[in-house]
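A quick write-up on the structure given underneath.
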Amino acid sequence: MSLCATASREAAEPLAGTAATARTWLLVEQTGPWGAKALTASHLDPALGRALEAAAKGTGVRVALIRRPGRHADRHDATRHRLFLAHTAPGRSWIRTTTVADPQTALGLDFAALAAGEHGDLWEPYTGEPLVLVCTNGKRDRCCALLGRPLAADLAAAGTEVWEVTHIGGHRFAPTLFVLPYGYAYGRTSLSLAADAVAAARSGRIALDHCRGRSTWDRPAQAADLAVRELLGEDRADVLDVVHTDRLLPQAPTRSQDPSPQAPTRPQAPAPSPGSTSPQAPKPPHDTTSRDTARHDTAVTGEEAPAWTVTVAHSDGRAWRVTVEQRADGAPAPASCGAPLDPPARMTVTAVTAVTATEDSTALSG
């Protein structure tokens with residue numbers, strides 16, 4: 001049996017920069033089996049599922065179903081539903097929770113305000129252990145069931161606050177893990193790696209090993225954040241923030257060729273200010289891949305291939321300008337089980353340059 005996770009692992013496909021994108025998450029407990037599109041194919045009222053999808057669309061809020069690990073008999077007698085709201089922005093991360101008899105109440109939420117990090121004292125603050133989500137939806141992709149369910153069960157047995165979740169993107173990286181409140185995702189997760197990620201989140205840090213990125217940002221910014229973390233060896237969750245992303249115009253030659261660091265269309269930042277990190281690209285280059293359904297997941301070749309400059313700021317006042325290019329130079333592989341072989345949309349960090357004091361003021365105000 002051919003599995004997308006096996007193909008991805010054998011191809012050594014990079015993990016970084018592949019997390020699902022959402023600033024805020026709404027998690028709705030729903031027991032029983034889930035279909036491929038769980039919000040409308042589960043024991044949740046499909047009309048409610050469609051309404052939640054419509055209410056969240058374009059707001060920056062992502063809705064997912066959760067359930068406790070274990071057997072999931074086809075039962076309709078669940079009378080209470082646990083709800084979580086989690087905001088993932090650096091320095092403003094929070095989790096709120098409640099338990100309701102009818103999840104229809106979620107339709108009364110102000111999704112735009114929640115995406116902006118404004119909970120308005122809604123529900124109760126969650127003060128427990130970091131929330132750990134493991135994708136186990138086998139109807140969406142069999143790798144998530146075959147690899148995710150055993151991991152969720154092992155974590156539950158170890159006393160972790162773990163929930164199974166319908167979909168957090170990247171089936172081929174199964175088992176996939178997502179940790180709240182900081183919103184960093186992990187792939188090809190072992191029990192020991194998951195334990196490290198939970199322990200790190202407990203102390204306000206992240207585990208850099210097998211990290212896919214922070215869901216707060218889109219894929220280029222995820223790649224930039226992780227590139228700076230790699231360069232500095234920085235694991236504190238909230239000391240880095242992405243403050244600006246600029247789209248670059250296409251350049252010749254095409255993206256399939258190696259970029260020249262002196263190309264005139266690339267930004268040339270001055271030397272770093274005293275005390276800042278030397279402007280060197282990570283070694284090896286922080287090469288990231290993304291092929292889910294977000295807008296950065298489709299491989300684009302030639303002069304249309306996009307590129308960005310991303311400004312990443314540290315809480316100590318330092319900042320870096322990160323150049324990220326999308327490439328299509330990876331070996332073809334399936335994005336999920338049964339999908340056709342396609343080249344990956346690879347987010348490649350080509351430069352990490354420290355920003356001077358003057359540029360830092362301009363970047364942070366932009």
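The figures here come from the full heavy-atom set of this structure, side chains too, leaving out hydrogens, waters and symmetry mates. In this text the structure is predicted, and so the values were computed from the model without any measurement.
- Sorted by first and then second residue, the pairs that involve residues 175-196 and meet ring pair (Phe, Tyr, Trp, His ring centres under 6.0 Å), not counting sequence neighbours, are W25-F178.
- Annotation: side chain of S215 is not in contact with side chain of R62 (no heavy-atom distance under 4.5 Å).
- A cation-pi contact, defined as under 6.0 Å to the ring centre and within 45° of the axis, is absent between R82 and W163.
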Requested in this report: Could you walk me through whether V132 and L177 pass the side-chain contact (heavy atoms from CB on, under 4.5 Å) test, one step at a time?
Outcome: CA-CA 7 Å; V132 177; L177 187 80; 3.2 Å; yes
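- Residues passing the salt bridge (Lys or Arg N to Asp or Glu O under 4.0 Å) test with D121: none are found, sequence neighbours excluded.
- Using a cutoff of 4.0 Å between basic side-chain nitrogens and carboxylate oxygens, D209 and R188 are not scored as salt-bridged.
- Criterion: ILVMFWY side-chain heavy atoms under 4.5 Å apart, direct or through other members. Under it, I206 and V349 are part of a common hydrophobic cluster.
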Report task. Start with the C-alpha distance between R219 and T21, add both sets of side-chain angles, then the distance that settles side-chain contact (heavy atoms from CB on, under 4.5 Å), and finish with yes or no. Result -> CA-CA 8 Å; R219 306 301 173 80; T21 56; 3.9 Å; yes
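- For D102, the side chain to side chain contact (heavy atoms under 4.5 Å, CB included) partners at least two apart in sequence or on another chain are Q104.
- Contact check for L208 versus R229: side-chain heavy atoms found under the 4.5 Å cut-off.
- At least one donor-acceptor pair under 3.5 Å links the side chain of H210 to the backbone N or O of G187.
- Taking the side chain as every heavy atom from C-beta outward, R149 and P175 never approach each other to under 4.5 Å.
- Two residues are said to be in side-chain contact when any heavy atoms from C-beta on lie closer than 4.5 Å; T40 and E53 meet this criterion.
- When all heavy atoms of P220 and V324 are compared, the closest pair comes out as O-CG2, 3.7 Å.
- Here the shortest heavy-atom pairing between T216 and P90 reads CG2-CD, 4.3 Å.
- Hydrophobic clustering (ILVMFWY, side-chain heavy atoms < 4.5 Å, transitive): L180 and L114 are in distinct clusters.
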Requested in this report: Show your working on side chain to side chain donor-acceptor pair (under 3.5 Å) between R212 and T18 and close with a plain yes or no.
Outcome: CA-CA 5 Å; R212 298 175 57 198; T18 65; 2.7 Å; yes
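- Hydrophobic clustering (side-chain heavy atoms under 4.5 Å, transitive across Ile, Leu, Val, Met, Phe, Trp, Tyr) groups L109 together with L44.
- Taken from OG1 in T97 to CD in E29, the straight-line distance is 9.5 Å, to the nearest 0.5 Å.
- For the atom pair R318 CZ and L240 CG, the distance stands at 9.0 Å (nearest 0.5 Å).
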Requested in this report: For the pair W217 and T88, evaluate side-chain contact (heavy atoms from CB on, under 4.5 Å) and give the outcome as yes or no after the intermediate values.
Outcome: CA-CA 10 Å; W217 304 305; T88 63; over 6 Å; no
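- Checked by atom type and distance alone, the side chain of R68 never pairs as donor or acceptor with a backbone atom of A156 at under 3.5 Å.
- The heavy-atom pair separating V179 from P130 by the smallest distance is CG1-CB, 4.1 Å.
- Under the rule for a side chain to side chain donor-acceptor pair (under 3.5 Å), the partners of T24 that lie at least two apart in sequence or sit in another chain are H87.
- The ring pair (Phe, Tyr, Trp, His ring centres under 6.0 Å) search around H314 returns none, not counting sequence neighbours.
- With Q30 contributing its side chain and G32 its backbone, the two residues share no donor-acceptor pair below 3.5 Å.
- The OG1 atom of T31 sits 10.5 Å away from atom CG of L65, with the distance rounded to the nearest 0.5 Å.
- In plain terms, the two heavy atoms of L26 and A106 that are nearest each other are CD2-CB, 4.2 Å.
- If you take CD on E325 and OG1 on T309, they are separated by 11.5 Å, rounding to the nearest 0.5 Å.
- Annotation: the span from S190 atom OG to D154 atom CG amounts to 10.5 Å, rounded to 0.5 Å.
- Residues V352 and V228 meet the side-chain proximity criterion, which asks for heavy atoms closer than 4.5 Å.
- Remark: side-chain polar atoms of R321 are not paired, donor with acceptor, to backbone N or O of A351 under 3.5 angstrom.
- Panel note: side chain D241, backbone V243; no donor-acceptor pair is recorded below 3.5 Å.
- In this structure, T348 and R327 approach most closely via the heavy-atom pair OG1-CD, 3.7 Å.
- Connection of W94 to L27 is not established within any shared hydrophobic cluster, with ILVMFWY side chains joined at heavy-atom distances below 4.5 Å, either directly or through further cluster members.
- Taking CZ from R23 and OG1 from T59, the interatomic distance works out to 11.5 Å, rounded to the nearest 0.5 Å.
- Counting only heavy atoms from C-beta outward, the side chains of R67 and T136 approach each other to under 4.5 Å.
- Under the 4.5 Å side-chain heavy-atom criterion for Ile, Leu, Val, Met, Phe, Trp and Tyr, V28 and V61 are members of the same hydrophobic cluster.
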For residues 122-129, please give each side-chain donor-acceptor pair under 3.5 Å, one per line with the distance, not counting sequence neighbours.
unit_1: Y126; atom_1: OH; unit_2: E129; atom_2: N; d: 3.4
unit_1: Y126; atom_1: OH; unit_2: E129; atom_2: O; d: 2.7
unit_1: E129; atom_1: OE1; unit_2: R202; atom_2: NE; d: 2.9
unit_1: E129; atom_1: OE1; unit_2: R202; atom_2: NH2; d: 2.7
unit_1: E129; atom_1: OE2; unit_2: R202; atom_2: NE; d: 3.4

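- For the pair V162 and P69, the minimum side-chain heavy-atom distance is below 4.5 Å.
- Side-chain contact between M347 and W308: present, with at least one pair of heavy atoms (C-beta onward) separated by less than 4.5 Å.
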Requested in this report: Applying side-chain contact (heavy atoms from CB on, under 4.5 Å), run through F84 and I66 and close with a yes or a no.
Outcome: CA-CA 10 Å; F84 291 97; I66 57 173; 3.8 Å; yes
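- Between A194 and L155, the shortest heavy-atom contact is CB-CD2, 3.8 Å.
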